[in-house]
Amino acid sequence: MAAANYLPSEDQFLCSICLDVFTDPVTTSCGHNFCKNCITEHWNTNDQYLCPMCKTVFNTKPELLINTFISEMVAQFRQSAQQKASSSSSEQQESKPGEVPCDVCTGTKLKAELGKTEAEIQQMIQKRRLKIQEIKHSVDLSEEDADREIAEGVQVFTSLKESVERGLNELINTIKEKQKTTEKQAEAFIKELEQEISELMKRSTEVEQVLRSEDHLHLLQSVQSLNIQQPPPTKDWTEVSVRPSSYEGTVVKAVVQLEETLSKEMKKLLESELKRVQQYAVDVTLDPDTAHPKLILSDDRKQVNHGDVRKNLPDNPERFSYCVNVLGKQSFSSGRFYFEVQVKGKTKWALGVARESINRKGEITASPENGYWTIWLRNGNEYKAAADPSVLLSLKSPPQKVGVFVDYEEGLVSFYDVDAAALIYSFTGCSFTEKLFPFFSPGLNYGGKNSSPLIISPVRVN
C-alpha cells in the first residue's frame, strides 16, 4: 500500500530553466518539461526556438499545452510538502517552554538546512551549466554565420574579379582591333601610293630618255607613240587621309558594363540579406495607450491613419499629445527583430524605432540623439533619414512596403524596400541602453490626400 502513495523526489519536479518546482508545466515535442512562462521567455529572448536541454531546433514556435499529468503530480507534491511542513511546525509548537531540544532533533534540523543549502548549490551549478551550453551554442551559431558570410564574400568577389579581368581583356582587344583596322587602311593606301610612284618614275625615265635625243624626228615620233606628255592615271590624294582610331568612350563603356555586373551582384546580395533578416520577424501590434488622440487604430491594432476628430482620451504619460505618433505594444531590449509596414498610397509617413524614454509631449525633433531612428516621406516624393543632420535618400522607385530590422547588440537599424529587395538606409554604430519600441507616424490626413493607413503586414519569406 505504501507504493500507492509514493511521490517522486523534488528533483523530478524542477524546471531546468528556473530550477524551481514547475508552474504550469508544458512538454515539448522532444520530451522535456518546463514552466510555461520560463520556456516562453527563453524563446522570446533567443534567435531560435531551441530546447534548452537537448538543443533540438524547432522551425516554428511550438504550441505549448499544459501537461495535466505532471501538473497533477506537482500539485500532489506541493500538498505533501505543505503537510510535512505543517507537521513539523506542530511538533515544534508542542515543545514545552524552556525545553532544550535533544541532539537528535538538532542534528535532524541541521541536516535539513544543509540539504537545502546543497539543493541550492546544485541549482546554481545547473544554471551555470545551462549558461555554458547557451554560450557555446551562441559561439557555434556565430561561427556558422561567419563561415557563410566568408563563403558568400569569396563567391561575390571572385565573380567580380572574373568580371573585371574579362572586361579588361575585352577592352584591350577592342582597342587592338581598332588599331589593326587603322594599320590595314594605312597599309592599303601606302601600297597604292607606292604603285603610283613606281608608274610615275617609269614615265619620268621615258621622258628623260626622249629629252636626251638630238634627233627631232625621233623626238616627235616618241612623243606621239608613247603619249609622254600625258602622265599615267593616278588618284587625287588631296582629300585622302588616315584618321587615328577614336577610343573616346571605350573605357567608359567597359566600366559601365562592369557597373551593371556589380549592380546585379549587389541585388543578389541584398535579396539574400533580406531573406536572412526576415527570419527575425516578430508580431507587432499598435499600443492604443501611446496613440495621439486624432489617430484611428484598427480593431486588430495593425493599421493606423489620421482622423480629423480629436477623441477624448486620458492624457497618460505614454501618450503622444502633439505629434501624430503611436508606438508598438511590444518592446525589445536584446537580440534582433524585424517587421514590415505597407506605406502604399501615402504622401507622408515616418517609420522606425524609438527608445522608451523619448519625449511624448509637445513638439518632437526625430533624431538618434533624441531617441529616434527613423526614415520619413514628405511631399509625396522626398525621402529622408532622420539622422543628425538628416540625409536625403535617392531611391530608384517609391517603396510600397518597408522592412525595419534591428540588431540591438550590434547597434544597427536598417530599412529595406521589401518588393525591390533594396537597402534604403542603415543607422550604424548606435548605442542602445533602453527598451526599443516600433515607431509609427501616418502623417496628417490633408483632406484625404494622405488618408491611406500604415499597415503592419505579415512577413512572407520568398
Heavy-atom count around [X] [atom1] within 6.0 Å, excluding the residue itself: above 12?
X	atom1	value
Phe157	CZ	no
Lys361	NZ	yes
Asn59	CG	no
Gln179	CD	yes
Glu165	CD	yes
Lys202	NZ	no

Check: [X]/[Y] side-chain N/O donor and acceptor closer than 3.5 Å:
X	Y	result
Gln303	Gln342	no
Ser334	Glu409	no
Glu118	Gln122	yes
Tyr338	Gln279	no
Thr27	Asn67	yes
Glu382	Asn379	yes
Asn450	Lys346	yes

Salt-bridge contact [X]-[Y] (side-chain N to carboxylate O under 4.0 Å):
X	Y	result
Glu41	Lys36	no
Glu318	Arg360	no
Lys396	Asp417	no
Asp407	Arg336	yes
Arg276	Glu149	yes
Lys131	Glu134	yes
Lys275	Glu271	no

Taking the six-membered ring for Trp, are the ring centroids of [X] and [Y] within less than 6.0 Å of each other?
X	Y	value
Phe320	Tyr322	no
Phe415	Tyr425	no
Phe432	Tyr408	yes

Do you know the tightest heavy-atom contact between [X] and [Y]?
X	Y	value
Pro368	Ala387	CD-CA, 4.0 Å
Thr56	Cys30	OG1-CB, 4.0 Å
Pro398	Tyr383	CB-OH, 3.3 Å
Asp145	Arg148	OD1-NH1, 3.0 Å
Thr60	Tyr49	C-CD1, 3.5 Å
Ile456	Leu286	CD1-CD2, 3.8 Å

Just wondering, do [Y] and [X] contact through their side chains at under 4.5 Å, heavy atoms?
X	Y	value
Leu64	Thr40	yes
Lys61	Asn44	yes
Ile70	Asn33	yes
Lys161	Thr158	no
Ile17	Pro52	yes
Leu19	Leu14	no
Leu412	Cys430	no
Phe405	Val413	no

Is the side chain of [X] donor-acceptor paired with the backbone N or O of [Y] at a distance under 3.5 Å, no angle test?
X	Y	answer
Thr182	Lys178	yes
Trp376	Leu351	no
Lys311	Pro293	yes
Arg319	Thr290	no
Ser451	Gly448	yes
Thr181	Glu177	yes
Asn316	Asp289	yes
Thr174	Glu170	yes
Asn173	Asn169	yes

Between [atom1] on residue [X] and [atom2] on residue [Y], distance to nearest 0.5 Å:
X	Y	atom1	atom2	answer
Thr28	Glu63	OG1	CD	13.5 Å
Cys38	Phe22	SG	CZ	9.5 Å
Ile135	Asp140	CD1	CG	12.0 Å
Leu269	Lys267	CG	NZ	11.5 Å
Glu183	Glu187	CD	CD	6.5 Å
His32	Ile39	NE2	CD1	11.0 Å

Using atom types as modelled, flag every donor-acceptor pair under 3.5 Å from a side chain in residues 433-441 to any protein atom, sequence neighbours excluded.
residue	atom	partner	partner atom	Å
Glu434	OE1	Ser357	N	3.0
Glu434	OE1	Ser357	OG	2.8
Glu434	OE2	Ser357	OG	2.8
Ser441	OG	Val324	O	3.2
Ser441	OG	Asn325	OD1	3.1

Margin query: Run Val418 and Val402 through side chain to side chain contact (heavy atoms under 4.5 Å, CB included) and show every step you take.
Written below: CA-CA 6 Å; Val418 176; Val402 175; 5.9 Å; no

Next item on the list: For side chain to side chain contact (heavy atoms under 4.5 Å, CB included), just list the numbers for Val21 and Val74, CA-CA rounded to whole Å, side-chain angles, deciding distance to a tenth of an Å, and then say yes or no.
Entry: CA-CA 8 Å; Val21 177; Val74 169; 3.6 Å; yes

Item checked: Verdict with reasoning, Lys302 to Asp283, per salt bridge (charged side-chain N to carboxylate O under 4.0 Å, His left out) -> CA-CA 10 Å; Lys302 292 289 187 178; Asp283 185 19; 2.5 Å; yes

Next item on the list: Apply salt bridge (charged side-chain N to carboxylate O under 4.0 Å, His left out) to the pair Asp287 and Arg301, showing each step before the final yes or no.
Entry: CA-CA 7 Å; Asp287 185 357; Arg301 303 290 188 260; over 6 Å; no

